[in-house]
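A quick note: this is a predicted structure, and the numbers were derived from the prediction, not measured.
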Amino acid sequence: MKISRRFMLLAGACAATAGLPFRPGRAWAITTLTMGDFQIDSLSDGHLELPVGPLLERVPEAERAELLKLADLPADGVMRSPLNVTLLRTPDRTILFDVGSGPDFVPTAGRLAEALAALNVAPEDVTDVVFTHAHPDHLWGLLDEFDEPLFANAALHMGADEFAYWTDPATVDSISEAWQSFAVGASRRLDAVADKINRFADGAEVLPGVRAVMTPGHTPGHMSFAVGTPDQGIFVTGDFVTSPMGFLRPDVGTATDSDPELAAATRKANLARLADEGWTILGYHLPEGGIGRVERQGETFRFVASD
């Protein structure tokens, strides 16, 4: 296994190419993992700025200060949550797991196209897009500014339960007002490509060497993906764990989970499995590009980023 990290000043490079004055641009981190015939790149779509409070709603008040300290999170204010999109390249496929936020979610995200450009990968080069779930920061980069599929040549793949949930007209009326824009946005995008989406069930081999693992609770049909084997592969977690706090208290659901109890059970069981089987993981919202391992820590766990 070989890992490397690069930082790109993409805005400056694009300006120079266009004959404009050079201005230092945002540095994009690209973390590359090579395993056999797999090349896995963790690409930054930017980040979210999230209040810490909702992560603690279900944690007993007496435990909160110590948990925040252990997770290295601020007691008040805003947490910066990275957005790590997985790019998997094999000899005959270029596969994205999720497509980032696009331009319509938050101003700190929607940078996937720039990160791909740093690797000389154009949207039309992508052969497959595999979705973990349909939250905005994972799905809303699917369409361009003209509501056409951005990855025009790609086959699209989503779990059947997840697709059914977000395209059901009843969903928007069954969730809190704060989440209704998520449902409307997901439905609009999925309806635009409904006839192109391959829908699959838990355990399906979605693509050669890519197996679906149902990890529900964050959303009703949330999927993770086991690519290859524990010793020569990677486990794409999606959002069944979304911060270092989730490793320390996997038994506690959060306000971002559609079913906090189910999410907690899913998180605890899968972190145990990943630790015991020795998987390298790529977490969408985890630090250092999201690539690392799960280690047991007594009755809980910790995320150890790969060097």
Quick one: side-chain contact (heavy atoms from CB on, under 4.5 Å) partners of [X], sequence neighbours excluded?
X	answer
V304	E295, R302
I175	Y165, W179, Q180, A183
R64	L56, V59, E61

Between [X] and [Y], what is the shortest heavy-atom contact and its length?
X	Y	value
R296	A275	CG-CB, 4.1 Å
P208	R93	CD-NH1, 3.5 Å
L282	S42	CD1-CB, 3.9 Å
P250	L248	CD-C, 3.4 Å

Worksheet entry | Candidate pair D202 and R211, rule salt bridge (charged side-chain N to carboxylate O under 4.0 Å, His left out), full reasoning | CA-CA 8 Å; D202 182 25; R211 183 170 56 82; 6.0 Å; no
Note: [X]-[Y] ion pair, threshold 4.0 Å (strictly below):
X	Y	result
E162	R199	no
R267	D251	no
R188	D147	yes

Worksheet entry | Derivation and outcome, side chain to side chain contact (heavy atoms under 4.5 Å, CB included), residues M214 and T266 | CA-CA 9 Å; M214 181 73 107; T266 292; over 6 Å; no
Hydrophobic cluster membership, [X] vs [Y], 4.5 Å side-chain cutoff:
X	Y	result
W140	I197	yes
V193	F105	yes
V121	L112	yes

[X]: what forms a ring-ring contact (aromatic ring centres under 6.0 Å, His included) with it, not counting sequence neighbours?
X	result
H157	none
Y284	H138
F131	none

Applying side chain to side chain donor-acceptor pair (under 3.5 Å), name anything that partners [X], two or more places apart in sequence or on another chain.
X	value
N120	none
S181	none
E205	none
R273	E277

Worksheet entry | Evaluation steps, side chain to side chain contact (heavy atoms under 4.5 Å, CB included), between L48 and V106 | CA-CA 8 Å; L48 303 180; V106 293; 3.7 Å; yes
Worksheet item: Under the side chain to side chain donor-acceptor pair (under 3.5 Å) criterion, do D37 and T90 qualify, and how do the steps go?
Response: CA-CA 6 Å; D37 288 337; T90 69; over 6 Å; no
Worksheet item: Any side-chain donor paired with an acceptor under 3.5 Å for T215 and S224?
Response: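 Result is yes, a qualifying pair exists.
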Discussion item. If I take atom CG from residue N84 and atom CG from residue D41, how far apart are they, to the nearest 0.5 angstrom?
Written reply: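 Atom-to-atom, N84:CG and D41:CG are 12.0 Å apart.
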Worksheet item: In Å and rounded to the nearest 0.5 Å, what is the CG to CG distance from L142 to L156?
Response: 6.0 Å
Worksheet item: What is the ring orientation for F225 with F97, classed by angle as parallel under 30°, tilted 30 to 60°, or perpendicular over 60°?
Response: tilted
Worksheet item: Would you call the rings of H133 and H222 parallel, tilted or perpendicular, where under 30° means parallel and over 60° means perpendicular?
Response: tilted
Is there a donor-acceptor contact under 3.5 Å from the side chain of [X] to the main chain of [Y]?
X	Y	value
D137	S101	no
T94	R89	no
D144	F146	yes

Worksheet item: Which other residues end up in the same hydrophobic cluster as F240, if Ile, Leu, Val, Met, Phe, Trp and Tyr are linked when side-chain heavy atoms come under 4.5 Å apart?
Response: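 F240 clusters with V213, F235, V241, F247, L271, L274, W279, I281, L286, V294, F301, F303.
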Discussion item. Test question: given the 4.5 Å side-chain rule for I, L, V, M, F, W and Y, name all other residues clustered with V184, or answer none.
Written reply: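 Traced through the cluster, V184 reaches V172.
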Should [X] and [Y] count as side-chain neighbours, where that means a heavy-atom distance under 4.5 Å?
X	Y	result
V130	I95	yes
L96	D128	no
T127	N153	no

Discussion item. As a quick check of understanding, evaluate side chain to side chain contact (heavy atoms under 4.5 Å, CB included) for V78 and V52, giving each step before the final call.
Written reply: CA-CA 6 Å; V78 173; V52 173; over 6 Å; no
Practice prompt. Apply the test side chain to side chain donor-acceptor pair (under 3.5 Å) to residues T280 and R293: give CA-CA distance (whole Å), side-chain angles for both, the deciding distance (0.1 Å), then the verdict.
Written response: CA-CA 5 Å; T280 297; R293 291 184 179 271; 3.3 Å; yes
Practice prompt. Check the pair T132, D98 against side chain to side chain donor-acceptor pair (under 3.5 Å), reporting the backbone distance first and the verdict last.
Written response: CA-CA 7 Å; T132 61; D98 298 328; 2.8 Å; yes
Discussion item. Before you tell me yes or no, could you show the steps for H47 and H285 under ring pair (Phe, Tyr, Trp, His ring centres under 6.0 Å), namely the whole-Å CA-CA distance, both residues' side-chain angles and the distance that decides it to 0.1 Å?
Written reply: CA-CA 9 Å; H47 68 278; H285 295 285; over 10 Å; no
